[in-house]
There are 2 protein chains.
Amino acid sequence: MTTPRWEPRRLSAVAVELPEGVTPPGTRGRILLSALRLFAEYGFHGTSIRDLAGAAGINSATLYAHYPAKEHVLAELVLLGHTELHRRLQQALVEAPPGPAAQLAALVRAQVAAHADFPLLALVANAELHALSPERAAPALALREQSRELGLRVLRLGVAQGVFHVADPLLAATAIGSMGMQVAHWFGPDQPYTRDQVADTYAGYALQLAGAADVPAKKTARAPGATPAKKG
Amino acid sequence: MTTPRWEPRRLSAVAVELPEGVTPPGTRGRILLSALRLFAEYGFHGTSIRDLAGAAGINSATLYAHYPAKEHVLAELVLLGHTELHRRLQQALVEAPPGPAAQLAALVRAQVAAHADFPLLALVANAELHALSPERAAPALALREQSRELGLRVLRLGVAQGVFHVADPLLAATAIGSMGMQVAHWFGPDQPYTRDQVADTYAGYALQLAGAADVPAKKTARAPGATPAKKG
DNA sequence: GTCTATACAGGGATAGAC
DNA sequence: GTCTATCCCTGTATAGAC
């Protein structure tokens, strides 16, 4: 591919940006941001070196003064994405009020917020990871595993404490994680929700899904033990 | 790429198959099944014509006796995937007991079952859709929209009837759909759940998430070895 | 329908001047 | 660091014999 064959469809008009403080200065930063946009829209294999250089406003040969190969650009993005998510999840846990319910809500909020704040990065980190060689994918995979375990631990603890009621915490964690992950695919300025609306709503969904005994009295909550409103 | 550079990682050892009755006979069928596996693992742009022909056991030129271009092979898979899901959702609705709760459960079961029965197809249909030109992506997108509306209608009806309790049915439908969609990414013979365990469990999650007043005391899945797992 | 052979554009990457 | 120029391979697709 030399020039885009059709209008972007994979993601709508989302800001092309990276988390604070991680964009390299100068040309290397422009390469990385261009790659963020192009890899998200056309995929790693659907983006050529010349596409990438053109978007960054440089000659294709200049790329190799900053990265030894195209794959290294992807590797940097993938690692950045996984690092940012894991950092936010950890911070959310640290700052959360005590108790599994509050912690689960905090984790889901953080996950949704991360994917809504940087949908392009989340998309590339997840959907293009497979294009990396095993050794360059490994660091991201390790972070992903750690992130997954954060949620799983909270769910297991909540079940043990009788706060959650799920037969299988692993499956519940998977389901909850899936909700948030997918946010990167549709969140953008062309839809009616704010980042925090989605984050709060999804946190509520997660608690409901987990059968939390003490779902905070949001609009969506129902009275525990209430008689079925009835019927259809 | 001429030969796989590393072991498949995007999906584990999942059967390479298409829904009953849709695999074309003869060489065309072998091309389609090879494409299913390769596109799922390496992506459309990560798979060359020669890869595809080699996997199908033919010369690359022979491909063009069956498809006018590589993109048409992908288009067929993407359409097959979306068609199969939509067909199953419709059938599930038709066969479901009356009432939004039973209907939502049936929809989620059908979605999960479809993605667990044909994870490769679901992956290609969703993750590689962006590689199609707009006009060849359109039919699949139309089907996707119709499928989405099935779930949305059930949720809205349930809210109107007081069976569900969500402030925003669209967001709830999105969250529920996201859970099931992701199943294609991890379901396989290397994990402890049966298709029906996941389907039933996820259906229960959906009802909980939607704040269903009358969540049926359904069987919930367990990992084998814990307590006797049941199935439906 | 399938093959061998090949056209030829585009791919990733390097050499070497500035 | 950046460019021009270029190498060489891989990519898609076609021609034409069998």
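Note on naming: letters A, B, ... go to the chains in the order of the sequence lines (proteins, then strands), and numbering restarts at 1 for each one.
- When the nearest nucleotides of DNA chain D are assigned to A:Gly57 and B:Glu71 by heavy-atom distance, the more 5′-ward of the two goes with A:Gly57.
- For the pair A:Tyr64 and C:dT14, the criterion of a side-chain N or O lying under 4.0 Å from OP1 or OP2 is not met.
- Remark: A:Thr27 is not in phosphate contact with D:dG1, judged by side-chain N or O atoms under 4.0 Å from OP1 or OP2.
- If you take CG of A:Asp51 and P of C:dG12, they are 8 Å apart, rounded to a whole angstrom.
- Going from atom CG of B:Leu36 over to atom CD of B:Glu76 covers 11.5 Å, rounded to the nearest 0.5 Å.
- Atoms NZ (A:Lys70) and C1' (C:dG10) sit 12 Å apart, rounded to a whole Å.
- Atom-to-atom, CG of B:Asn59 to C1' of C:dA5 comes out at 10 Å; the value is rounded to the nearest Å.
- Toward the 5' end of DNA chain C, the nearer of the two residues B:Thr62 and A:Pro68, judged by each one's closest nucleotide, is B:Thr62.
- The CG-P distance, from B:Leu52 to D:dT10, rounds to 18 Å in whole Å.
- Between the P atom of C:dG12 and the NE2 atom of A:His72 lies a distance of 14 Å, rounded to the nearest Å.
- Distances were taken from every side-chain heavy atom of A:Ala61 (C-beta onward) to each of C:dT2, D:dC3, D:dA13; the shortest belongs to D:dC3.
- Using bins of under 30°, 30° to 60° and over 60° for the plane-to-plane angle, the ring pair B:Phe39/B:Phe44 lands in the perpendicular bin.
- Listed nucleotides: C:dG12, D:dT2, D:dT12. Nearest to the side chain of B:Ile49: D:dT12.
- Taking atom CD1 on B:Ile31 and atom P on D:dA13, their separation rounds to 13 Å, with Å as the unit.
- As a whole-Å value, the separation of A:Arg50 CZ from D:dT4 P is 13 Å.
- Distances shown here put a side-chain N or O of A:His66 below 4.0 Å from the OP1 or OP2 atom of D:dT2.
- Ranking D:dT12, C:dT14, C:dG12 by closeness to the B:Ser48 side chain, first place goes to D:dT12.
- With rounding to whole Å, B:Ile58 atom CD1 is found 7 Å from C:dC3 atom P.
- Note on A:Glu95 versus A:Arg109: no salt bridge recorded, every NZ/NE/NH1/NH2 to OD/OE distance being 4.0 Å or above.
- Taking CG from A:Asp117 and CG from A:Leu85, the interatomic distance works out to 11.5 Å, rounded to the nearest 0.5 Å.
- Under the side-chain hydrogen bond (donor to acceptor under 3.5 Å, both in side chains) criterion, A:Glu149 pairs with no residue, sequence neighbours left out.
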